[in-house]
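Notes follow once the structure below has been shown.
Please read these numbers as outputs of a predicted model, since none were measured by experiment. Read the numbers this way: they start at 1 and go in the same order the structure lists the ligands and their atoms.
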Amino acid sequence: MFAVTAVRIDAEDPLSGLELGERPEPKVAEGWTTVQVRAASLNHHDLWTLRGVGISADRLPMVLGCDAAGIDEDGSEVVIHSVIGDPDAGSGDETLDPRRSLLSERYNGTFAERVTVPRRNLLPKPPAMSFEEAACLPTAYLTAYRMLFVKSGAEPGSTILVQGASGGVATALIVLGRAAGYRIWVTSRSEDKRRLALDLGADRAFETGTRLPERVDVVMETVGAATWSHSVKALRPGGRIVISGATSGHAPPAELQRVFFLQLSVVGSTMGTRAELGRLLQFCEQTGARPLIGTRLPMTEAREGFAALALGEQSGKIVFTL
Ligand SMILES: NC(=O)c1ccc[n+]([C@@H]2O[C@H](COP(=O)([O-])OP(=O)(O)OC[C@H]3O[C@@H](n4cnc5c(N)ncnc54)[C@H](OP(=O)(O)O)[C@@H]3O)[C@@H](O)[C@H]2O)c1
């Protein structure tokens, strides 16, 4: 079958380890099932893998991809939950299972004609949603859902600042946050991307690092070092940063004095449970919210999508179709 695979790790030139071509058919383990992939979406996670973050060379070759929607063995349309974990081992939350992994970390991922997953990782795809839209939800949108509705503690009407307006998680935060009635402010380095964020439903868009007209209740961080100091300064006393990524670096000064003096909270967030993915699908059906897809490519042209993501040129999700 055709697949997009990481065959080598190179921190400086991640695309050099990308191979597109024939791979063996997946083997189906007990309790697992095969999905015929119709659409899969790209995440920064796939670039991290090629750079050797979260994976070691002895696990290669590894089919990349966390997200997909497709057809299961019964002919039903499904969305795949990417977290491979045991809820019992995480006190009811599979993301807290110490042995949990995402597809493409320990088990082959979704950038292939067929992928095998545990049966419990399949959810019905809402009929009103296309395969491309559904394939955007399991990582970026699920992460945004948990950040907004599980971790932020933000009450309706709160002001939420999203750092980095154009990323997959960032656009998901704008789309879902807007649909839920929050006041959404965003930052971006590019004027075009700020305009895009406003078109998507953000209330205000600021240049990255700008002093804001007032302090916010919650900051959503995925950028990391480049925006951390601004995030800490942007919060009202008692405010909260929810962080799920650190694209630009993971070790900025912690600004501890502000954290304790203003009684700020810093809360980590990763992916979401199967039940949360189910609620996200329902939320999209109920509100009409849909993921922003910036680029659609046949999976055979996936290299182009990886290159755009590596250059930070994408706006919204990059989706591969089969
Ligand atoms: N914990 C989880 O479960 C989870 C799930 C999904 C993603 N993540 C992580 O979250 C991060 C974002 O993921 P993604 O797929 O949304 O990635 P992405 O699409 O590549 O997003 C990158 C975003 O970061 C901003 N950015 C990058 N470098 C910057 C810099 N030097 N200064 C200011 N802004 C910068 C960009 O903002 P501009 O608008 O200014 O270009 C863009 O909005 C990644 O690190 C990923 O690994 C974690």
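Of the possible donor and acceptor atoms, none in the side chain of Ser104 sits under 3.5 Å from a partner among the backbone N and O of Gly109.
Note that OG1 of Thr143 and CG of Leu148 are 11.0 Å apart. Values are rounded to the nearest 0.5 Å. The CD1 atom of Ile84 lies 8.5 Å from the CG atom of Leu102; values are rounded to the nearest 0.5 Å.
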What donor-acceptor contacts under 3.5 angstrom involve side-chain atoms of residues 258-273, with partners at least two apart or in another chain?
from: Thr273; atom 1: OG1; to: Ala275; atom 2: N; distance (Å): 3.4
from: Thr273; atom 1: OG1; to: Glu276; atom 2: N; distance (Å): 3.0

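Classification of Asp217 and Arg240 as a salt-bridged pair fails, no side-chain N sitting under 4.0 Å from a carboxylate O. Between Glu133 and Arg290 there is a salt bridge, since a side-chain N of the basic residue sits under 4.0 Å from a carboxylate O of the acidic one. With salt bridges taken as basic N to acidic carboxylate O contacts below 4.0 Å, none links Glu94 and Arg274.
Heavy atoms of Ala165 come nearer than 4.0 angstrom to ligand 1 in at least one pair. In this structure, Ser269 is part of the shell of residues with a heavy atom less than 4.0 angstrom from ligand 1. At a 4.0 Å cut-off, at least one heavy atom of Ala246 sits close enough to ligand 1 to count as contact.
Residue Ser188 has at least one nitrogen or oxygen atom sitting less than 3.5 Å from a nitrogen or oxygen atom of ligand 1, judged on distance alone. Not a single N or O atom of Leu309, backbone or side chain, sits closer than 3.5 Å to an N or O atom of ligand 1. Between Gly168 and ligand 1, an N or O atom pair is found at a separation short of 3.5 Å. Of the polar atoms of Thr187, none of the N or O atoms is found under 3.5 Å from an N or O of ligand 1, judged by distance alone. Not one N or O of Ala140 is nearer than 3.5 Å to an N or O of ligand 1, by distance alone. Between Gly167 and ligand 1, a contact under 3.5 Å exists for at least one N or O pair. Backbone and side-chain nitrogen or oxygen atoms of His45 are examined, and none is located within less than 3.5 angstrom of a nitrogen or oxygen of ligand 1. Geometrically, ligand 1 and Ser190 share no nitrogen or oxygen pair separated by less than 3.5 Å. Residue Ser244 has at least one nitrogen or oxygen atom sitting less than 3.5 Å from a nitrogen or oxygen atom of ligand 1, judged on distance alone. For the pair Ala170 and ligand 1, the shortest N or O to N or O distance does not fall below 3.5 Å.
The Thr247 neighbourhood of ligand 1 comprises atoms 11 (C), 12 (C), 44 (C), 45 (O), with distances under 4.0 Å to a heavy atom of that residue.
Ser190 and Asp192 share no side-chain donor-acceptor pair at under 3.5 Å.
Heavy atoms of Arg189 found under 4.0 angstrom from ligand 1 belong to the backbone as well as the side chain.
Nearest protein neighbour of atom 32 (N) of ligand 1, counting heavy atoms only, is Ala226 CB, 3.3 Å.
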